[in-house]
Amino acid sequence: MVITLTNLLNPVVITGFVMVLLGLVLLAYNWFRLQNVSRLHREAEERARDLKHRIESERREASIKIKDELYKKRQQFEREMKEERLDLDRSQKKLQEKYDALEVKENRMDDMRRELHQKERTLSRTSDMLRISENKLKTVYNELVAKLERISGMSVDAAKKMLLDTLSNEVKESNERWVQKIENEARETAKTKSIRILADTMQRYAVEQVSQHSASIIHLPNDDMKGRIIGKEGRNIKALENATGMEFVIGDTPEIITISGFNPIRREIARTALERLIGDGRINPTRIEETVEQCEKEINEMIEEYGKNAAQDLDVQGLHPELITLLGKLYFRTSFTQNVLEHSKEVGMFARTIAEELGLNGSIAARAGLLHDIGKAVSAEIEGPHARIGADIAKRCGEDALVVNAIAAHHEEVPYVSIYSLIIVIADTISASRPGARRETLAAYIKRLESLEDLAMKFDGVKRAFALQAGREVRIIVQEDYLDDDKAAILARDVAKKIEDEMNFPGQIKVNVIREKRIVEYAR
């Protein structure tokens, strides 16, 4: 049979051929599917075996852990039981020891009771014997007195009088020797006492002197200058405030600018720089920074110069460089409009004069007086009273212990250790606390002291009140029968609180409450 092209293209033949191909494809698909199912079955069996092995392994590990934990618990329980047995044994031992000690004490008590009964019997026999002996002694005494009267030819009263006369003469001689001893001791201490008396008297001395004060107001040539200082969008005034750290207040007052700030040196730098910029006429951020930097260098040089000049004026040698710098900074500080550097120089000069008049070392007094307010130069940066701050600085800079104590004690915050400390208090009072020294009128000064005394007198139990040390201390005398010591302490605290709430004052005020009871009798 011959297959021709026409036969191949017959639809029946093509359909059969396609069916054969489809059958082959389905047969291959089923074969591959059976192979995959078989492979998946084998993998599932392997995973099941692995899971079974893992579960078995975990079960064995858990069993081992449980056994270990049980073993540890058992060991711990045995240790605890052992410790408790040991504690019990120790407690039993202590109890046994206490029981034995108690038994020994009971035996001792029995012995002591027996001894006490024995002593009571002995004492009773002794008392009977003493009564018999006392009667015998009285008889013997009377016989002896009678014999002495016969032998001496004197009665008992005459003998007593002679004995009293002898004792009186001996007492007089003893009194004379005692008075002579007191007089010698008085001569030895007379110089020291006279110095202190003279120093206390000098504390009442006062002179008046008006001192200069620093300004923080800048006068402008015209109101147009305010706009130039402010600058475009405030750039110039912002640059001034950033460079100096001060606040420039431009108000409605014509031709006036106020510089506000707590640091007096920075305020002086700001004032000098602004005056120089106004005089120069060129005001811009760059020029402002250059001017402020230049003024800062000049002020620092001025500080060193002021410190050196102050030391030279008082002939104080060998000051530490840090102390010289701090002295210079005091030139820019004021206390109630009184320049602190000038005040320190005055205190140094007054202290030297007082010390030399008393025959003491004037150099030590002048040195302590010049440095007594040195703590004010850094009191804004360091917390605490300026007297103690200054004493710490002086001690760190190698100053003498007498100078350090004089600085620390010039506001009576620490005890005096020498006469120089009291001299500095006196000199400081002369220079700073007198009427007029700090721009305070005499009337206002007296009124402030009277207000302080009146405030203290308002409290119950107060007999008298005195304002001392130019108002730095109020001394209160209380009724001793009305207030006890505890109430006196409460009164001091209440008065101090009242002063803080109702009065304005520099530094601090010492409230000294005195309660004493005096009983006086006269021998006539």
Query raised in the report: Run the salt bridge (charged side-chain N to carboxylate O under 4.0 Å, His left out) check on E453 and R464 step by step: do they pass?
Result: CA-CA 8 Å; E453 293 177 352; R464 286 173 293 174; over 6 Å; no
Report task. Take H411 and H372 through the ring pair (Phe, Tyr, Trp, His ring centres under 6.0 Å) test and state the conclusion after the steps. Result -> CA-CA 10 Å; H411 283 317; H372 82 286; 7.9 Å; no
Query raised in the report: Can I269 and V292 be said to form a side chain to side chain contact (heavy atoms under 4.5 Å, CB included), step by step?
Result: CA-CA 7 Å; I269 292 172; V292 170; 4.2 Å; yes
Query raised in the report: Would E480 and K463 count as a salt bridge (charged side-chain N to carboxylate O under 4.0 Å, His left out) if you check the C-alpha gap in whole Å, the side-chain angles of each, and the deciding distance to 0.1 Å?
Result: CA-CA 10 Å; E480 65 278 359; K463 288 198 298 188; 3.7 Å; yes
Query raised in the report: Would E247 and I259 count as a side chain to side chain contact (heavy atoms under 4.5 Å, CB included) if you check the C-alpha gap in whole Å, the side-chain angles of each, and the deciding distance to 0.1 Å?
Result: CA-CA 6 Å; E247 180 182 1; I259 302 174; over 6 Å; no
Query - Chi angles and distances behind the salt bridge (charged side-chain N to carboxylate O under 4.0 Å, His left out) call for R287, E289 - result: CA-CA 6 Å; R287 180 63 179 165; E289 291 178 359; over 6 Å; no
Report task. Apply the test side chain to side chain contact (heavy atoms under 4.5 Å, CB included) to residues F332 and I299: give CA-CA distance (whole Å), side-chain angles for both, the deciding distance (0.1 Å), then the verdict. Result -> CA-CA 10 Å; F332 298 98; I299 293 296; 4.1 Å; yes
Query raised in the report: Can R271 and E268 be said to form a salt bridge (charged side-chain N to carboxylate O under 4.0 Å, His left out), step by step?
Result: CA-CA 5 Å; R271 185 189 66 80; E268 179 66 17; 2.4 Å; yes
Report task. Would you sort out whether I288 and I283 count as a side chain to side chain contact (heavy atoms under 4.5 Å, CB included), showing the intermediate values? Result -> CA-CA 7 Å; I288 287 170; I283 304 177; 4.2 Å; yes
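More than 12 non-hydrogen atoms from other residues, nucleotides or ligands lie less than 6.0 angstrom from CD of E97. A 6.0 Å sphere centred on CD of E275 holds more than 12 heavy atoms belonging to other residues, nucleotides or ligands. A 6.0 Å sphere centred on NZ of K329 holds no more than 12 heavy atoms belonging to other residues, nucleotides or ligands. Residue K119 qualifies as open at atom NZ: its count of foreign heavy atoms under 6.0 Å is 12 or below.
The shortest distance between side-chain heavy atoms of N236 and P285 falls below 4.5 Å. Between E322 and R396 there is a side-chain heavy-atom pair separated by less than 4.5 Å. Inter-residue side-chain proximity for I230 and F248 is flagged as unmet; no heavy-atom pair is nearer than 4.5 Å. Between D392 and I389 the shortest side-chain heavy-atom distance does not fall below 4.5 Å. With contacts defined as side-chain heavy-atom distances shorter than 4.5 Å, the pair I257/V249 does not qualify. At a threshold of 4.5 Å between non-hydrogen side-chain atoms, the residues L452 and D454 do not count as touching. A heavy-atom distance below 4.5 Å is found between the side chains of I423 and L360. Taking the side chain as every heavy atom from C-beta outward, V403 and Y420 never approach each other to under 4.5 Å.
A distance below 6.0 Å separates the ring centres of H386 and H410.
The salt bridge (charged side-chain N to carboxylate O under 4.0 Å, His left out) test applied to R108 returns no partner, not counting sequence neighbours. Partners of Y306 under the ring-ring contact (aromatic ring centres under 6.0 Å, His included) rule, at least two apart in sequence or in another chain, are Y331.
Taking 4.0 Å as the cut-off between side-chain N and carboxylate O, D428 and R472 count as a salt-bridged pair. For the pair K497 and D501, the salt-bridge criterion is met [side-chain N within less than 4.0 Å of a carboxylate O]. Using a cutoff of 4.0 Å between basic side-chain nitrogens and carboxylate oxygens, K238 and E233 are not scored as salt-bridged. Between K376 and D373 there is a salt bridge, since a side-chain N of the basic residue sits under 4.0 Å from a carboxylate O of the acidic one. Note on K498 versus E500: no salt bridge recorded, every NZ/NE/NH1/NH2 to OD/OE distance being 4.0 Å or above.
A donor-acceptor contact shorter than 3.5 Å links the side chain of N405 to the backbone of P415. R352 contributes a side-chain N or O that, together with a main-chain N or O of L314, makes up a donor-acceptor pair within less than 3.5 Å. Remark: the backbone N or O of L277 is not paired with any side-chain donor or acceptor of R282 at under 3.5 angstrom.
In terms of heavy-atom proximity, A377 sits nearest to L330 at N-CD2, 3.7 Å. Closest heavy-atom contact between I424 and A406: CG1-CB, 3.8 Å. Residues A465 and M457 share a closest heavy-atom pair of N-SD, 3.7 Å. Among all heavy-atom pairs drawn from E356 and G362, the shortest one is CG-CA, 4.0 Å. Smallest separation of non-hydrogen atoms from L341 and L327: CD1-O, 3.4 Å. In this structure, A456 and V462 approach most closely via the heavy-atom pair O-CG2, 3.6 Å.
Separating the CD1 atom in I364 from the CD atom in E399 is a distance of 10.5 Å, to the nearest 0.5 Å. Here the CG-OH distance, from L491 to Y482, works out to 10.5 Å after rounding to the nearest 0.5 Å. A distance of 14.0 Å separates CD1 of I265 from OG1 of T244, quoted to the nearest 0.5 Å. Here the straight-line distance linking atom CD1 of I324 with atom CD of E305 works out to 10.5 Å at 0.5 Å rounding. In this structure, the separation between NE2 on H343 and CG on L370 is 11.0 Å, given to the nearest 0.5 Å. For the atom pair CZ of R276 and CG of L274, the computed distance is 11.5 Å after rounding to the nearest 0.5 Å.
Each of L319, D315, N361, I407 was compared with R367 under the side-chain contact (heavy atoms from CB on, under 4.5 Å) criterion, and only L319 meets it.
Counting only N and O atoms by type, the side chains of N300 and E298 include no donor and acceptor under 3.5 Å apart.
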